[in-house]
Chemist: 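Here it is: the structure, laid out below.
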Amino acid sequence: MSWFTAHPFPPRQVLALYALAAAASAPVHAQSVPPAPQPAASVPTAPVAASAASEQDLPITISAEEISGRPDRQLNLEREVELTRGQTRLRADSACYMRVEDEVTATGNVQMWRFGDRYKGDELQLNLETGKGYVLHPEYRLQLNNAQGRAARIDFLGENVALVRDGTYSTCEGPDPDWYLKSSTLRLDSGRDVGLAGKTVIYFKDVPIVGTPALSFSLSGARRSGWLAPTVGFGSKGKAEVTVPYYFNIAPNRDLTVYPRMMFDRGLQLGATGRYLGVTERGGYQGETHLEGLYNDRETGENRWRVDSIHTQGLAPGWSYGWNLHGASDDEYPSDFSRTVAVSAERQLLREVRTDYSGRYWSLTARAQNYQVLQDPAAATDPRLAVPRPYDRLPQVNFHAGRYDVAGFDWALDAEAVRFWHPDFVRGNRAVVVGQVSYPWVRPGYFITPKLIAHASKYDLDRANYTGERKLSRHLNTFSLDSGMVFERDTTLFGRAITQTLEPRLFYVRTPYKNQDAFPLFDTGRAGFNYAQLFSENRFVGPDRVSDANQLTAALVSRYIEPDGAERLRMAFGQRIYFEEPRVRLPGEPLHQSRSDVLLAASGRISETWSFDSGVQYDAAGSSLYSSNLSMQWQPARMKVVNAEYRYQRDGFRNVDFSAQWPLTARWYGVGRVSYALRSYGVGGASPVGKGKLLESLIGLEYKADCWVFRMGGQRFVTAAQTTSTSAFFQLELNGLSRLGLGNALETFSKSVPGYTQLNTNVGRP
């Protein structure tokens, strides 16, 4: 075999090679066995955007059984031909290399590796300088997304661009792919990460399923502009609808999705969602805005719309502003257009504009806030379903300052000034100042923290209250003493070495009584009773009421901690004892309390696959259970999860919830959820108003192939007190191309089943 490495020829080397070519007027026969060619996988890869200049500077290595011609002009290569320059490698039965043009033509069993991509064909021509050329009747495989196909011809329009004519494309393995697209022209631009197809038909199991005059898609699955797969489904009232979204990949940190949604019962709804984030010299910013509108709804004859917008932005170091705005055209918008339980239950729409400024030890916040209330349609006939309207804050200013460990002391100061407005209730201004100082003694094994709190507030009402007063003030002082101990021992849990702690804690609070019935209730309510609230000085959330207190909280916590510091299990017990019965109360709050309910809680990971969370609130005074919850999750492996939850509240609700994703066979997976109200009560809890009501149900099937996933199922959920939504869906996801079908099955499964795993998680799509 004859071989040599061809560099860009200086004049002296040109003469020497010319003499060599003259001496070799007869074919040169191989003198040794050629080395075995490397497999395709061993061909070194390079970035797709490798520059032409760097390739031109590299030498050309040529080998063949016979070489003839003129080295400075043309080399004719026969049998076992191999040519390599940089990331381009060629093998063929015969070839011709034109030195001046830097171009190679090859025929017979042509194989080429080019920047990690592989081509096999009958004939090839390639200019090594420009990257332009063609290959006839090729088979190809792309490194970027492991796609493959066949074609009548491929034209190389540059190093990063190839034009496939009358060809196929698929991300499936093997010579007979499950799905492929067949296109008259297919432009594969790896530099821009985009595939552009002309007249195209998508085949699944050799059956045409979709035809389109044009198609674009991302080669790597990354975000890019273009039409997304249309979604055919049913609205909340069960009527058919079609959504055809278009995605604008404006920049790496900005995008916009515009979608027309044709609802056959209502008309054409137009929607758009824009997202952005970035950094300026003044600070970072980010936000998202969603708009949708329906002109002249055929069902109601009205214009319908919804807007949701959030934004935060830095103006200077420590100074930022933002907004959180939500609105809808009418009360029934969630019932008519919602697709999930969470959206249909959203009835208080916040509208807020705010700015924040902070220093090292202080912060200042100013905001204006109000709410739009969307009443449940059934509230007109059942007042118990009415949604209350919160007070507007127009405006609210908050100041906070504090430091830790100042000569051993911790201190904090909070001040607030608010203007409250409501269309029906008393309006007014409120100013509150709360200062506190504590001195923690923290030692190995125990801590003691005494604290003093001073609360001062002043009200200026627009009209006199029932006592004839418009101006009210209040000053109260609170003393608390928090203490606890920590004991540890080495033990085992489920056969594993572990450290167990025992942490008793006592928390005493003393606040004198002051009658506060004349003070309005702008934004104050009774705090939810939980373990953290046991160690709060005030039983209420909000400063309109300061609870009197002479009480002691006793609690015991035990934790199981692994050697690496991870908490495996936590168990807690707590109860508050009242030495004097609290006299400051809210309307409807029960009387004659000598002790609080008992709280018991336990949570953790029983094993690597089992986790749980539980809590019980026991009414010690009435010797009855007030509330309880238990949730468990079993997740032995990916795509295997089972969730179960039980929630109960006396005179409130009793619900159970089951959800799961589980393999049925090697490729079939089941997905399901059932949320069921065993009993529910109206306002006041006098009698049950609902029993045996299905809140949400979902059943689905998934099939996972090597290069596609099929999903199907149905869902039913409550959109309002007396309305439900039922929908069916199926979805065929072709890995690396698109999702086709009726409804959005993947989104439904992900939101309905905690721990759900997408079957083809290695495929990225926008």
Side-chain angles (χ1 to χ4, degrees), residues 277-287 310-325 350-370 390-421 428-442 447-460 473-482 507 509 511 522-524 527 532-533 535-538 540-547:
L277 60 86
V279 178
T280 67
E281 59 182 10
R282 297 182 177 182
Y285 64 90
Q286 63 178 350
I310 57 174
H311 175 85
T312 57
Q313 182 165 352
L315 296 175
W319 186 18
S320 65
Y321 82 97
W323 65 72
N324 189 357
L325 305 175
L350 173 65
R351 299 161 175 182
E352 177 185 85
V353 179
R354 63 182 296 157
T355 182
D356 301 88
Y357 193 78
S358 62
R360 185 176 181 182
Y361 301 115
W362 60 273
S363 63
L364 180 67
T365 299
R367 66 177 177 177
Q369 179 188 88
N370 75 349
Y391 270 91
D392 298 341
R393 295 177 171 92
L394 303 172
Q396 178 182 22
V397 179
N398 292 86
F399 175 80
H400 170 80
R403 290 194 65 181
Y404 294 99
D405 197 17
V406 180
F409 288 89
D410 298 341
W411 65 269
L413 177 68
D414 292 276
E416 175 192 74
V418 195
R419 167 64 180 174
F420 288 99
W421 187 93
N429 305 323
R430 182 185 71 194
V432 178
V433 177
V434 179
Q436 59 183 357
V437 61
S438 62
Y439 191 90
W441 279 286
V442 180
F447 70 90
I448 301 174
T449 305
K451 181 192 293 186
L452 288 174
I453 302 175
H455 180 110
S457 54
K458 184 176 182 179
Y459 292 76
D460 186 2
S473 62
R474 175 182 57 208
H475 299 83
L476 285 169
N477 297 321
T478 297
F479 169 77
S480 69
L481 181 65
D482 196 3
F507 180 68
V509 180
T511 304
F522 288 135
D523 59 357
T524 297
Q533 205 278 329
F535 300 94
S536 173
E537 286 84 3
N538 194 1
F540 305 108
V541 175
D544 293 323
R545 295 290 185 273
V546 179
S547 174

Chemist: What are the two closest non-hydrogen atoms of F522 and Y391, and how far apart are they?
Modeler: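 For F522 versus Y391, the nearest heavy atoms are O-CD1, 3.1 Å.
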Chemist: So do Y285 and T312 actually touch side chain to side chain, heavy atoms under 4.5 Å?
Modeler: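 No, side chains not in contact.
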Chemist: Is there a donor-acceptor pair closer than 3.5 Å between any side-chain N or O of Q533 and the backbone N or O of N538?
Modeler: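 The answer is yes, because a donor-acceptor pair under 3.5 Å joins these two groups.
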Chemist: Rounded to the nearest 0.5 Å, what's the gap from CZ on F507 to CG on L481? Could you check?
Modeler: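 It comes to 9.0 Å.
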Chemist: Heavy-atom distance under 4.5 Å between the side chains of Y459 and R474, does that happen here?
Modeler: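 Touching, per the 4.5 Å side-chain cut-off.
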Chemist: Decide whether S480 and E537 meet the rule of one side-chain donor and one side-chain acceptor closer than 3.5 Å.
Modeler: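 Yes.
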Chemist: Got a second to check how far L325's CG is from I310's CD1, nearest 0.5 Å?
Modeler: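 One finds 10.0 Å between CG of L325 and CD1 of I310.
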Chemist: Salt bridge between K451 and D410, side-chain N to carboxylate O under 4.0 Å?
Modeler: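 D410 and K451: not salt-bridged.
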Chemist: List the steps, then state whether side-chain contact (heavy atoms from CB on, under 4.5 Å) holds for W323 with E352.
Modeler: CA-CA 6 Å; W323 65 72; E352 177 185 85; over 6 Å; no
Chemist: Enter the distance from F447:CZ to W441:CH2 here, rounded to the nearest 0.5 Å.
Modeler: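 Nearest 0.5 Å value for the CZ-CH2 distance: 13.5 Å.
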Chemist: With a sphere of 6.0 Å drawn around OH of Y357, does it hold more than 12 non-hydrogen atoms of other residues, nucleotides or ligands?
Modeler: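 Not more than 12 within 6.0 Å, no.
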Chemist: So, E416 and Q396: side-chain donor and acceptor under 3.5 Å apart, yes or no?
Modeler: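 Judged by distance alone, the side chains do pair up.
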Chemist: Identify the two heavy atoms, one from L394 and one from Q369, that lie closest to each other, and give their separation to 0.1 Å.
Modeler: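 Shortest heavy-atom contact: CD2-O, 3.9 Å.
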Chemist: How many angstroms lie between atom CD of Q313 and atom CZ of R282, to the nearest 0.5 angstrom?
Modeler: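 Going from the CD atom of Q313 to the CZ atom of R282 covers 9.0 Å.
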Chemist: Would you name the heavy atoms of P543 and D523 that are closest together and state the gap between them?
Modeler: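 Heavy-atom minimum between the residues: CD-OD1, 4.0 Å.
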Chemist: Is it true that D356 and R354 have a side-chain N and a carboxylate O under 4.0 angstrom from each other?
Modeler: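 Looking at D356 and R354, the cut-off is met.
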Chemist: For V397 and L364, what are the C-alpha separation, side-chain angles and deciding distance, and is it a side-chain contact (heavy atoms from CB on, under 4.5 Å)?
Modeler: CA-CA 7 Å; V397 179; L364 180 67; 3.9 Å; yes
Chemist: Relative to each other, are the rings of Y321 and H311 parallel, tilted or perpendicular (30° and 60° limits)?
Modeler: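 Rings of Y321 and H311: tilted, 30 to 60°.
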Chemist: Under a 3.5 Å cutoff, is there a donor and acceptor pairing between the side chains of S363 and S358?
Modeler: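 Short answer, no.
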Chemist: Return the minimal non-hydrogen interatomic distance between G435 and L413, and the atom names on each side.
Modeler: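 Where G435 meets L413 most closely, the heavy atoms are CA-CD1, 4.0 Å.
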Chemist: At what distance, to the nearest 0.5 angstrom, does CZ of F420 lie from CG of D392?
Modeler: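 It comes to 10.5 Å.
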Chemist: Cation-pi between R545 and F540: NZ/CZ under 6.0 Å from ring centre and within 45° of the ring axis?
Modeler: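 Negative - R545 is either too far from the ring of F540 or too far off its axis.
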Chemist: Are D544 and T524 close enough that a side-chain donor and a side-chain acceptor fall under 3.5 Å?
Modeler: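 There is such a pair between these side chains.
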Chemist: Between P450 and F479, what is the shortest heavy-atom contact and its length?
Modeler: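 It is CB-CE1, 4.3 Å.
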Chemist: Could you check if a side-chain atom of P395 sits within less than 4.5 angstrom of a side-chain atom of R419, using non-hydrogen atoms only?
Modeler: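 Side-chain contact under 4.5 Å: yes.
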Chemist: Under 3.5 Å, is there a donor on one side chain and an acceptor on the other for W319 and T355?
Modeler: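 Yes, side-chain donor-acceptor contact under 3.5 Å.
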Chemist: Considering non-hydrogen atoms only, spot the tightest contact between A456 and H475 and give its length.
Modeler: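 Scanning both residues completely, I find the closest heavy atoms to be CB-CD2, 3.6 Å.
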Chemist: With rounding to the nearest 0.5 angstrom, report the NE2 to CD distance, H455 to Q436.
Modeler: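 Those atoms lie 12.5 Å apart.
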Chemist: Evaluate I453 against N477 for side-chain contact (heavy atoms from CB on, under 4.5 Å), listing each step before the verdict.
Modeler: CA-CA 6 Å; I453 302 175; N477 297 321; over 6 Å; no
